[in-house]
Amino acid sequence: MSNSVELKNPKLNGMSSDYLYHIAINVANTADTSDLQRQFGDVKVLCLGGTSSRMRDLAIYLRQIVGVSDTGEPVDLAVAGHRYAVYKVGPVLCVSHGVGSSTFSVVLHELLKLVKYAKCQDPKFIRIGTCGGVGVQPGTVVVTKDAYNGYLRNEHEIPILGKRVVRPASFPDDLIKDILAYGNQSGDTFETISANTMSTDCFYEGQGRTDGAICEYDDAAKMEFLQKCHKLGIRNIEMEATMFASMTQKVGVKAADVCVTLLNRLNGDQVEITPETKAEYEHRPFLIIGRYIQGLLSK
């Protein structure tokens, strides 16, 4: 039984070619994608993160886990696109997505089309990133359940053809459980939890910060808002989860959002940890997802 990706756009079937512009991959003949199948058809996991440098580091880290002996500089397969970085490590793609849902959605559309044309079987999309915590210790790894927007609604809204379109924004329970099984292991010095996430369109005002270029509310209003988030089971804040959850849920691919908190927003707005501590925190999702990938490939 095939578990190939089927997208929600019947018009793709009428296209003789498809240029994935932002990642510089040309599907010259959609009726014969054998070249793409040879190059990408073995992909089982797509790891997505904000910066190209983080995805390069992840690609190097995953080599030993997936049994790739290459010790050279990772090759960016999307370098000609000048926007995103794409590294392939065995059956894993490590892809940068920029900051926020708008830049992420562009590359996500094209990656979803890529796995369709390459006939990847049941690929998992996993975002790895940093975030602000809400009532949790800095360094906590949060695996998102439901994603809330800046209105504190468990949904993603997008204007399409001048109309407001609302879609649900939740991640699949089975993948969450699979990933959590590789957290909180002996030797871990941090906690891995599953909780709700708020995803905003603005890093400063949208997240109730008081350290941006504009702020028209006081500390009391800010704290009231953050406490309301906490009561909804929200334990972290970032800028991609609602779009990511809704799009992958819409097309029916498995996805997860795994982020490490750099601060507790109930205690302030500034990231005050040292660069060394920040680097160690950023490595924590690598550990969890590395274990998950190792387990997945052993099946």
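The structure displayed is predicted, hence computed values, not measured ones.
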Test your reading of the model: is there a side-chain donor-acceptor pair from [X] to the backbone of [Y], 3.5 Å cut-off?
| X | Y | result |
| --- | --- | --- |
| Ser199 | Glu240 | yes |
| Asn264 | Gly135 | yes |
| Thr242 | Asn149 | no |
| Asp188 | Phe190 | no |
| Ser96 | Ala85 | yes |
| Lys11 | Asn13 | no |
| Ser101 | Met239 | yes |
| Arg291 | Gly183 | no |

Test ring-ring contact (aromatic ring centres under 6.0 Å, His included) applied to Phe244 and His97, step by step: CA-CA 11 Å; Phe244 184 38; His97 62 61; 8.0 Å; no

Residue pair Leu48, Leu111: steps toward the side chain to side chain contact (heavy atoms under 4.5 Å, CB included) verdict: CA-CA 10 Å; Leu48 311 150; Leu111 290 172; 3.5 Å; yes

Do [Y] and [X] meet the salt-bridge criterion of a basic N to acidic O distance under 4.0 Å?
| X | Y | result |
| --- | --- | --- |
| Lys124 | Asp178 | no |
| Glu280 | Arg284 | yes |
| Arg265 | Asp269 | yes |

Give, for atom [atom1] of [X] and atom [atom2] of [Y], the distance between the pair rounded to the nearest 0.5 Å.
| X | Y | atom1 | atom2 | result |
| --- | --- | --- | --- | --- |
| Arg63 | Thr71 | CZ | OG1 | 7.0 Å |
| Asn236 | Asp257 | CG | CG | 7.5 Å |
| Cys215 | Lys222 | SG | NZ | 8.5 Å |
| Leu287 | Tyr182 | CG | OH | 14.5 Å |

side-chain contact (heavy atoms from CB on, under 4.5 Å) partner of Phe40, the single match among Thr33, Leu46, Val115, Leu77: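 It is Leu77; the other options fail the test.
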
The single option from Val258, Val141, Asp174 passing side-chain contact (heavy atoms from CB on, under 4.5 Å) against Ile179: Val258

Closest non-hydrogen atom pair between Cys131 and Ile237, with its separation: CB-O, 3.3 Å

Gln37, CD: over 12 other non-hydrogen atoms inside 6.0 angstrom: yes

Connected-component partners of Tyr217 among ILVMFWY, side-chain separation under 4.5 Å: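 In the cluster with Tyr217 there is nothing else; it is isolated.
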
Partner residues of Ser170 under the side chain to side chain donor-acceptor pair (under 3.5 Å) criterion, sequence neighbours left out: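 Partners of Ser170 under the side chain to side chain donor-acceptor pair (under 3.5 Å) test: Asp146.
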
Arg56 charged N/C atom sitting above Tyr87 aromatic ring, 6.0 Å / 45°: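 Judged by the rule (NZ or CZ under 6.0 Å from the ring centre, within 45° of its axis), Arg56 is not positioned above Tyr87.
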
Step-by-step side chain to side chain contact (heavy atoms under 4.5 Å, CB included) determination, Leu62 to Ile65: CA-CA 5 Å; Leu62 289 177; Ile65 290 172; 4.0 Å; yes

Asp211-Gln270 side chain donor-acceptor pair, cut-off 3.5 Å: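 Present: a donor and an acceptor within the cut-off.
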
